[in-house]
Asker: 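Sending over a structure as structure tokens; questions will come in a sec.
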Amino acid sequence: MAVAARLSTYGVIALIALYAATFARDVPYAAHMSLAATLAILAFLLEMFRDRPIIDMSDDPDGYQMNVVRFGVIMTALWSVVGLLVGVIVAAQLAYPELNIAPYLTFGRLRPLHTSAVIFAFGGTALITTSFYVVQRTSGARLWGKNLCWFVMLGYQLFIVLAATGYVLGGTQSREYAEPEWYVDLWLTLVWLAYLAVFLGTLIKRRQPHIYVANWFYLAFIVTIAMLHVVNNLAVPVSVFGSKSYSAFSGVQDALTQWWYGHNAVGFFLTAGFLGMMYYFVPKQANRPVFSYRLSIVHFWALIFLYIWAGPHHLHYTALPDWAQTLGMTFSIMLWMPSWGGMINGLMTLSGAWDKLRTDPVIKMMVASIAFYGMSTFEGPVMSIKAVNSLSHYTDWTIGHVHSGALGWVGMISFGALYYLTPVLWGRKQLYSLPLVNAHFWLATIGIVIYAAVMWVSGIMQGLMWREADELGLLVYSFAESVEAMHPFYVLRMFGGVLYLLGALVMVYNLARTIRGDVRGTTSAQSPTAVPAE
């Protein structure tokens, strides 16, 4: 019966998708419906002619569902390379405009592809993967919903493909960090609700009396992103056979809704979720308990209460009421305290184990990520102050700030988690090469420092050039002159991105050899990941 039900489901999906593709009113919609039909037909054929599933969904001997986590580790590593590669390409397009190839490979279409690939493909897959691992280990229970976790993982990968191809083909609703059109948003909503069900169901049936703090952060991330996604993407499609839609909001209300979503995508997707990662993998890699469990709880409640109000600081000096702008600025400044409380808690977890920084490059990468988290969460509140914002906003200073957080905090804590998980999940005694981890650390760190420093300098220069006036009150520089002055900084920015991409390629090679079971010579110190899965 189960096989017949699956075959029927695949067949119905294929027929509906083919019908929609036939009557599609635009290219992105036709391409996506054709893709959906192709995948449904492929799944139908595999179900009919294969003796066993193409993906092994069975449990590990200890009863946990780890194959989905293994698949997630591989996809996270691959998406990191894809996202960073597109980032280098768009950085090169800024420095050398002739690299823009119309109509599909222009900066306007590749830039959202880069941000979504890094944030949602790399970062989102890392969060789903690590949360599935952490919630099982800390709850003493397998994932709820049997194979529903596979629907979440594979469904999320499909969302990434739909979003990416939509950008290249011109199907976008032009909302920052929320560019996919209405039907892709509906699919993601379905996948995300399944994700919430799996995670919350696992917590409910846990065998441990307490909910470990990492799970609090993961749960806050899942619940809040669901709310943000649904409200921000409320839209009316022009036709069920086309990708075009119109937002339910307009004017200043639309802008406020967008940046309520946009800043909290940073706050809960790129901060709360990865703090859950920090609170599990840093203690495990250091083999030390969390410095202060009480501080971690204070950190959690203060962060989630304050972050939700900070979005209006993106709309200083706009039509948004002044009181709302001031509210966003005030809560942004207040966020500095809980953010640094979390940073201190993460760093102090190494108390009694600081010597590991000399011998374990994975710990070094994690500590660097926490340091970048502290720096970014200081810089962000400063940039929200109106007087500073008048200089920094719309300049490359903001770009440098975002990337120091995204590459330094999100990227490096994710890399550290991958380095921890790979030997454990595949039962290897150690990583293939610790020197390669060290090489990755220095490539990434130098790349981030070059990138961020260059953007800080160029951004401040931009702001000063745009506002400089002569004795008659006329602008001294034209916009074109400010763009011309940016060229050497854009070249250096591209170079920093290349270094960071090279580090990710080194990681992928290292992880692949680790999965194969290879060991490169001898290492000076055995990685803590050499211990069997707990």
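Computed from a prediction, not measured in an experiment: that's the story for all the values here. Counting from 1, the numbers follow the sequence of the chain as shown.
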Asker: Below 4.5 Å, heavy atoms only, C-beta onward: do T172 and P180 meet side chain to side chain?
Answerer: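 With C-beta onward as the side chain, the pair stays apart.
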
Asker: Give a yes or no on whether the ring-centroid distance for F415 and Y419 is below 6.0 angstrom.
Answerer: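 When the ring centroids of F415 and Y419 are compared, they turn out to be at least 6.0 Å apart.
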
Asker: Side chains of Y218 and T130: is there a donor and an acceptor less than 3.5 Å apart?
Answerer: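 A donor-acceptor contact under 3.5 Å links the two side chains.
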
Asker: Looking only at heavy atoms, which two atoms of L99 and Q93 are closest? And how far apart?
Answerer: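 Smallest heavy-atom distance, with atoms named: O-NE2, 3.5 Å.
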
Asker: Are the side chain of N100 and the backbone of F107 linked by a donor-acceptor contact shorter than 3.5 Å?
Answerer: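 Yes.
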
Asker: Using distance alone, with no hydrogens and no angle criterion, decide if S245 and E181 have a side-chain donor and acceptor under 3.5 Å apart.
Answerer: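 Yes, a side-chain donor-acceptor pair sits under 3.5 Å.
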
Asker: Rounded to the nearest 0.5 Å, what separates atom OG1 in T76 from atom CE in M507?
Answerer: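 These two atoms lie 8.5 Å from each other.
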
Asker: Donor-acceptor pair, distance only, cut-off 3.5 Å: does the side chain of H263 make one with the backbone of G311?
Answerer: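 No: the side chain of H263 does not pair with the backbone of G311.
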
Asker: Side chain of T106, backbone of A102: donor and acceptor closer than 3.5 Å?
Answerer: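 Not at all, since once roles are kept as given, no pair shorter than 3.5 Å links the two residues.
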
Asker: Does R142 reach the main-chain N or O of Q65 with its side chain, forming a donor-acceptor pair under 3.5 Å?
Answerer: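 Such a contact is absent between R142 side chain and Q65 backbone.
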
Asker: Are F221 and F268 near enough that their ring centres are under 6.0 Å apart?
Answerer: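 That pair fails the under 6.0 Å test.
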
Asker: Kindly determine whether S131 and Y195 satisfy side-chain hydrogen bond (donor to acceptor under 3.5 Å, both in side chains), including the steps that lead there.
Answerer: CA-CA 10 Å; S131 65; Y195 181 25; 2.6 Å; yes

Asker: For the OG atom of S243 and the OH atom of Y183, what is their distance to the nearest 0.5 Å?
Answerer: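 These two atoms lie 5.0 Å from each other.
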
Asker: So, do F151 and Y156 have ring centers that fall under 6.0 Å from each other?
Answerer: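 Ring centroids of F151 and Y156 are no less than 6.0 Å from each other.
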
Asker: N233: which residues meet the side-chain hydrogen bond (donor to acceptor under 3.5 Å, both in side chains) condition with it, sequence neighbours left out?
Answerer: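 Per chain and number, N233 pairs via side-chain hydrogen bond (donor to acceptor under 3.5 Å, both in side chains) with Q173, H229.
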
Asker: Start with the C-alpha gap between N389 and S384, add the side-chain angles, then the distance that decides, and say whether side-chain hydrogen bond (donor to acceptor under 3.5 Å, both in side chains) holds.
Answerer: CA-CA 6 Å; N389 192 269; S384 74; over 6 Å; no

Asker: Where is the tightest heavy-atom contact between F489 and S458, given as atom of each residue plus distance?
Answerer: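 Looking at all heavy atoms of both residues, the closest pair is CG-CB, 3.5 Å.
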
Asker: Heavy-atom distance under 4.5 Å between the side chains of L270 and F274, does that happen here?
Answerer: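 Contact flag for L270/F274 side chains = yes.
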
Asker: For residues T398 and S392, report the shortest heavy-atom separation together with the two atoms involved.
Answerer: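 For T398 and S392, the tightest heavy-atom pair comes out as OG1-O, 3.4 Å.
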
Asker: Please confirm whether the ring centroid of Y279 lies under 6.0 Å from the ring centroid of F217.
Answerer: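 Yes, the ring centres sit under 6.0 Å apart.
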
Asker: Rounded to the nearest 0.5 Å, what separation is found between the CD1 atom of I222 and the CE atom of M227?
Answerer: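 The distance works out to 14.0 Å.
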
Asker: State, to 0.1 Å, how close S139 and N215 come at their nearest heavy-atom pair, and which atoms those are.
Answerer: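 Distance-wise, the nearest heavy atoms are OG-ND2, 4.3 Å.
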
Asker: Please name all residues satisfying side-chain hydrogen bond (donor to acceptor under 3.5 Å, both in side chains) with T318, sequence neighbours left out, ordered by chain then number.
Answerer: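 T318: no side-chain hydrogen bond (donor to acceptor under 3.5 Å, both in side chains) contacts found.
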
Asker: Within the supplied structure, the quantity of interest is the number of heavy atoms (other residues, nucleotides, ligands) at a distance under 6.0 Å from K146 NZ; does it exceed 12?
Answerer: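 At most 12 heavy atoms, drawn from other residues, nucleotides or ligands, come within 6.0 Å of this atom.
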
Asker: What residues form a side-chain hydrogen bond (donor to acceptor under 3.5 Å, both in side chains) with E379, not counting sequence neighbours?
Answerer: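 W397, H401, W456.
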
Asker: Can you list the residues that meet the side-chain hydrogen bond (donor to acceptor under 3.5 Å, both in side chains) rule with Y373, with sequence neighbours excluded?
Answerer: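 Y373 satisfies side-chain hydrogen bond (donor to acceptor under 3.5 Å, both in side chains) with no other residue.
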
Asker: For the pair R206 (side chain) and L203 (backbone), establish whether a donor and an acceptor sit closer than 3.5 Å, ignoring hydrogens and angles.
Answerer: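 Checking the backbone N and O of L203 against the side chain of R206, a donor-acceptor pair under 3.5 Å is found.
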
Asker: Mind checking whether Y104 and L110 have side chains closer than 4.5 Å, heavy atoms only?
Answerer: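 Contact flag for Y104/L110 side chains = no.
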
Asker: Would you say the side-chain atoms of T202 pair up with the backbone N or O of W144, donor to acceptor, closer than 3.5 Å?
Answerer: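 Looks like yes, one N/O pair under 3.5 Å.
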
Asker: With a 3.5 Å distance limit and no angle check, can you tell me whether Q157 reaches the backbone of A121 through a side-chain donor-acceptor pair?
Answerer: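 No.
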
Asker: Are W150 and F71, when compared by the centres of their aromatic rings, separated by less than 6.0 Å?
Answerer: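 Yes, ring centres under 6.0 Å apart.
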
Asker: Could you check whether any side-chain heavy atom of T377 comes within less than 4.5 Å of a side-chain heavy atom of W409, counting everything from C-beta outward?
Answerer: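 No, too far: nothing below the 4.5 Å cut-off.
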
Asker: Sequence neighbours excluded, which residues qualify as side chain to side chain contact (heavy atoms under 4.5 Å, CB included) partners of A226?
Answerer: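 Scan of A226 (side chain to side chain contact (heavy atoms under 4.5 Å, CB included), adjacent residues dropped) gives W192.
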
Asker: Using only atom types and a distance under 3.5 Å, with no angle test, would you say the side chain of N264 pairs donor to acceptor with the backbone of W260?
Answerer: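 Side chain of N264 to backbone of W260, a donor-acceptor pair under 3.5 Å: yes, one is there.
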
Asker: Using side-chain heavy atoms (C-beta onward) and a distance below 4.5 Å, is S390 in contact with H316?
Answerer: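 Sidechains of H316 and S390: no contact.
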
Asker: For residues W426 and V73, report the shortest heavy-atom separation together with the two atoms involved.
Answerer: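 Nearest heavy atoms, W426 then V73: CZ3-CG1, 4.1 Å.
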
Asker: Are N232 and T257 close enough, and set up right, to give a side-chain hydrogen bond (donor to acceptor under 3.5 Å, both in side chains), and what steps lead you there?
Answerer: CA-CA 6 Å; N232 185 56; T257 304; 5.9 Å; no

Asker: Rounded to the nearest 0.5 Å, how far apart are CG of L35 and OG1 of T165?
Answerer: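 Reported value, rounded in 0.5 Å steps: 6.5 Å.
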
Asker: Using side-chain heavy atoms (C-beta onward) and a distance below 4.5 Å, is L303 in contact with L335?
Answerer: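 In contact.
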
Asker: I'd like to check H403 versus I448 (side-chain heavy atoms, cut-off strictly below 4.5 Å). Are they in contact?
Answerer: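 In short, these two side chains do not touch, never coming nearer than 4.5 Å.
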
Asker: Measuring from atom CZ of F44 to atom OG1 of T9, what distance do you get when rounded to the nearest 0.5 angstrom?
Answerer: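 One finds 11.0 Å between CZ of F44 and OG1 of T9.
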
Asker: So that I can tick it off, tell me whether R175 and D185 are bridged by a salt bridge, with the cut-off set at under 4.0 angstrom between side-chain N and carboxylate O.
Answerer: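 No.
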
Asker: Checking D26 side chain against Y29 main chain: does a donor-acceptor pair fall under 3.5 Å?
Answerer: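 Yes; judged by distance alone, with no hydrogens or angles, the pair exists.
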
Asker: Under 6.0 Å between ring centres: does that hold for Y64 and Y133?
Answerer: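 No: the rings miss the under 6.0 Å criterion.
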
Asker: Are the side chains of M75 and L154 in contact, using a 4.5 Å heavy-atom criterion?
Answerer: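 Not touching, per the 4.5 Å side-chain cut-off.
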
Asker: Strictly by salt bridge (Lys or Arg N to Asp or Glu O under 4.0 Å), give each pair with a member in residues 95-113 just once, sequence neighbours left out.
Answerer: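 As it turns out, the salt bridge (Lys or Arg N to Asp or Glu O under 4.0 Å) pairs with a partner in residues 95-113, which skip direct neighbours, are R111-E176.
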
Asker: So, S116 versus Y177: side-chain donor-acceptor pair below 3.5 Å or not?
Answerer: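 There is no such pair between these side chains.
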
Asker: Measuring from I399:CD1 to R493:CZ, what's the distance to the nearest 0.5 Å?
Answerer: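 The distance works out to 6.0 Å.
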
Asker: Measure from the ring center of F159 to the ring center of W187 and say whether it is less than 6.0 Å.
Answerer: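 No; W187 has its ring centre 6.0 Å or more from that of F159.
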
Asker: Counting only N and O atoms by type, is there a donor-acceptor contact under 3.5 Å from the side chain of Q325 to the main-chain atoms of Y317?
Answerer: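 Here the side-chain-to-backbone pair exists.
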
Asker: Apply side-chain contact (heavy atoms from CB on, under 4.5 Å) to residues I128 and F132 and explain how you reach the verdict.
Answerer: CA-CA 6 Å; I128 294 173; F132 280 168; 3.6 Å; yes

Asker: What is the minimum heavy-atom distance between P112 and G108, and which atoms define it?
Answerer: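 Heavy atoms of P112 and G108 come nearest at CD-O, 3.2 Å.
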
